[in-house]
Amino acid sequence: MSTPTRPSSGGRPAAAAPEVTGRILVVDDDPTVAEVVARYLVRDGHDVACVADGHRALRHARENPPDLIVLDLMLPGMDGLEVCRRLRETTAVPIVMLTALGAEADRLVGLAMGADDYVTKPFSPRELALRVRSVLRRARGAVIPTAQARPLRDGDLKLDPNAHTATLAGTPLTLTAREYDLLAFLLRNPGRAFTREQLLDHVWGWSFGDSATVTVHVRRLREKLELDPAAPRRLVTVWGVGYRYDPSPTDTASEDAENTRTTHHEADATDSSDIAAKRAAPEARPTDSATGHEADAGVRAKSVEGRT
């Protein structure tokens with residue numbers, strides 16, 4: 001099934017385009033749901049294409065790469081989880097899942113597979129449209145203020161918010177939009193512990209939601225960043241609180257070494273100044289002749305007393 005990519009203006013002035021638009025692929029086997037979702041997304045200014053099964057979704061994504069995919073998990077043949085898994089083998093395109101109400105296990109598995117967001121059925125089409133816009137904005141780095149859009153670095157890990165790239169030891173990292181945002185936020189706040197609810201608010205922009213979403217994204221980041229994800233060194237768990245990013249010890253060691261070199265340099269400079277001062281100062285000698293005479297008189301007096 002396909003839908004018009006732009007709504008007809010009907011002779012009326014076109015509404016101002018929203019700040020973020022893109023090519024959206026809707027994957028849902030229910031034609032009514034797909035049509036309603038497409039209508040709302042088109043109204044927001046997006047180009048929309050709809051397909052009804054996983055195989056066509058993969059083919060369309062390969063031949064006409066979208067900017068975002070709205071993916072229903074309950075598809076005939078190849079289900080949405082398998083579609084998500086296969087997509088993540090080749091692309092980091094943002095994915096918003098449509099899940100059944102109460103299907104928490106499927107939702108968590110979908111997030112673990114690499115989905116960026118989810119909406120539970122029955123859902124408000126308007127809410128879905130807002131989620132799509134939010135994910136697109138984050139995927140394009142539009143949420144990063146100019147003052148903060150400087151490269152972020154920790155040891156061999158580097159993020160460039162302007163280019164929306166990440167490298168580890170010079171090797172590019174494939175991160176989803178949410179993974180990137182979460183990592184960038186934690187890098188900007190090293191050594192500070194955040195609850196899952198705080199991370200949902202700061203990174204996802206949700207005032208409420210399933211905190212397991214954060215847990216899944218942290219686990220995925222660990223698999224991409226840590227030498228041993230089971231014993232993380234960077235993304236650490238703060239028991240009873242949430243998570244914290246610990247800076248690389250190599251950076252701390254470098255700072256300590258620099259501080260040590262500075263201290264030694266200052267000490268050497270102080271020693272050199274003391275030596276120079278000593279060389280410049282004349283050797284202390286008795287200069288008062290009266291004091292010398294008094295000392296001689298005292299010695300003579302003691303000699304006389306001894307003889308008597």
- request: Take Val27 and Leu25 through the side-chain contact (heavy atoms from CB on, under 4.5 Å) test and state the conclusion after the steps.
  value: CA-CA 6 Å; Val27 187; Leu25 175 61; 4.0 Å; yes

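- Val36 and Leu128 end up in different hydrophobic clusters when Ile, Leu, Val, Met, Phe, Trp and Tyr side chains are linked at under 4.5 Å.
- Side-chain atoms of Leu199 and Leu186, non-hydrogen and from C-beta on, do get closer than 4.5 Å to each other.
- Each of Val48 and Leu130 belongs to its own hydrophobic cluster when Ile, Leu, Val, Met, Phe, Trp and Tyr are linked at side-chain heavy-atom distances under 4.5 angstrom.
- Proximity of Met74 to Asp30: side-chain heavy atoms (C-beta onward) are nowhere separated by under 4.5 Å.
- Counted within 6.0 Å of CE on Met78, heavy atoms from surrounding residues, nucleotides or ligands total more than 12; the atom is thus considered enclosed.
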field: Full working for side-chain contact (heavy atoms from CB on, under 4.5 Å) between Asp72 and Val33
entry: CA-CA 10 Å; Asp72 184 23; Val33 172; over 6 Å; no

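- Counting only heavy atoms from C-beta outward, the side chains of Thr99 and Thr120 approach each other to under 4.5 Å.
- A 4.5 Å side-chain heavy-atom check between Asp29 and Asp53 finds every atom pair outside the cut-off.
- Side-chain atoms of Leu183 and Leu225, non-hydrogen and from C-beta on, do get closer than 4.5 Å to each other.
- Hydrophobic clustering of Ile, Leu, Val, Met, Phe, Trp and Tyr side chains at less than 4.5 Å, counting indirect connections, unites Leu152 with Leu175.
- Closest of all the heavy-atom pairs between Pro190 and Arg188 is CD-C, 3.3 Å.
- Contact check for Asp228 versus Glu226: no side-chain heavy atoms found under the 4.5 Å cut-off.
- Using the six-membered ring where Trp is involved, Tyr180 and His164 have ring planes that are parallel, under 30° apart on the 30 and 60° scheme.
- Salt bridge annotation for Arg126-Asp44: present, with a cationic side-chain nitrogen under 4.0 angstrom from a carboxylate oxygen.
- Here the shortest heavy-atom pairing between Ile69 and Pro66 reads CG1-CG, 3.7 Å.
- Annotation: side chain of His46 is not in contact with side chain of Leu68 (no heavy-atom distance under 4.5 Å).
- A donor and an acceptor atom, one from each side chain of Thr176 and Arg220, are located under 3.5 Å apart.
- Of the inter-residue distances, the one linking Leu98 atom CG with Leu73 atom CG reads 7.5 Å to the nearest 0.5 angstrom.
- In plain terms, the two heavy atoms of Thr174 and Ala92 that are nearest each other are CG2-CB, 4.0 Å.
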message: As a quick check of understanding, evaluate side-chain contact (heavy atoms from CB on, under 4.5 Å) for Ile24 and Val37, giving each step before the final call.
response: CA-CA 11 Å; Ile24 312 298; Val37 169; over 6 Å; no

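- Looking at every heavy atom in both residues, Ala193 comes nearest to Val238 through CB-CG2, 3.9 Å.
- Salt bridge annotation for Arg244-Asp246: present, with a cationic side-chain nitrogen under 4.0 angstrom from a carboxylate oxygen.
- Val135 is connected to Phe123 through a chain of hydrophobic side-chain contacts under 4.5 Å among Ile, Leu, Val, Met, Phe, Trp and Tyr, so both are in one cluster.
- Atom CG of Leu71 is separated from atom CD1 of Ile95 by 6.0 Å, given to the nearest 0.5 angstrom.
- Checked against Val218 for a side-chain contact (heavy atoms from CB on, under 4.5 Å), the options Leu221, Val214, Thr215 give a single hit: Val214.
- Leu182 contributes atom CG, which lies 10.0 Å from atom CG of Leu200 (distance to the nearest 0.5 angstrom).
- Salt-bridge check for Asp28 with Lys121: passed, with a basic side-chain N closer than 4.0 Å to an acidic carboxylate O.
- Ionic pairing of Glu89 and Arg86 is not present here: no N-O contact between side-chain nitrogen and carboxylate oxygen is shorter than 4.0 angstrom.
- Across Val83 and Leu58, no two heavy atoms sit closer than the pair O-CD2, 3.9 Å.
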- request: Let me see the working for Leu173 and Glu179 under side-chain contact (heavy atoms from CB on, under 4.5 Å), right down to the final yes or no.
  value: CA-CA 11 Å; Leu173 292 172; Glu179 290 171 354; over 6 Å; no

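- Between Ala129 and Leu41, the closest heavy-atom pair is CA-CD2, 4.0 Å.
- Inspection of the Tyr243 and Arg196 side chains reveals an N or O donor paired with an N or O acceptor under 3.5 Å.
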message: Pair Asp116, Arg88 - check salt bridge (charged side-chain N to carboxylate O under 4.0 Å, His left out), show working.
response: CA-CA 11 Å; Asp116 296 272; Arg88 281 293 172 255; 3.2 Å; yes

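- Residue Leu111 is grouped with residue Met113 when hydrophobic side chains (ILVMFWY) are merged at heavy-atom distances under 4.5 angstrom, including chains of intermediate members.
- For the atom pair CG (Asp117) and CZ (Arg178), the distance works out to 5.0 Å, reported to the nearest 0.5 Å.
- Here CZ of Arg219 is found 13.0 Å from CG of Leu235. Values are rounded to the nearest 0.5 Å.
- Distance check, rounded to the nearest 0.5 Å: OG of Ser248 to CG of Asp156 gives 6.5 Å.
- In this structure the side chain of Leu187 reaches within 4.5 angstrom of the side chain of Tyr245, judged on heavy atoms.
- Between Arg233 and Asp154 there is no salt bridge, since no side-chain N of the basic residue sits under 4.0 Å from a carboxylate O of the acidic one.
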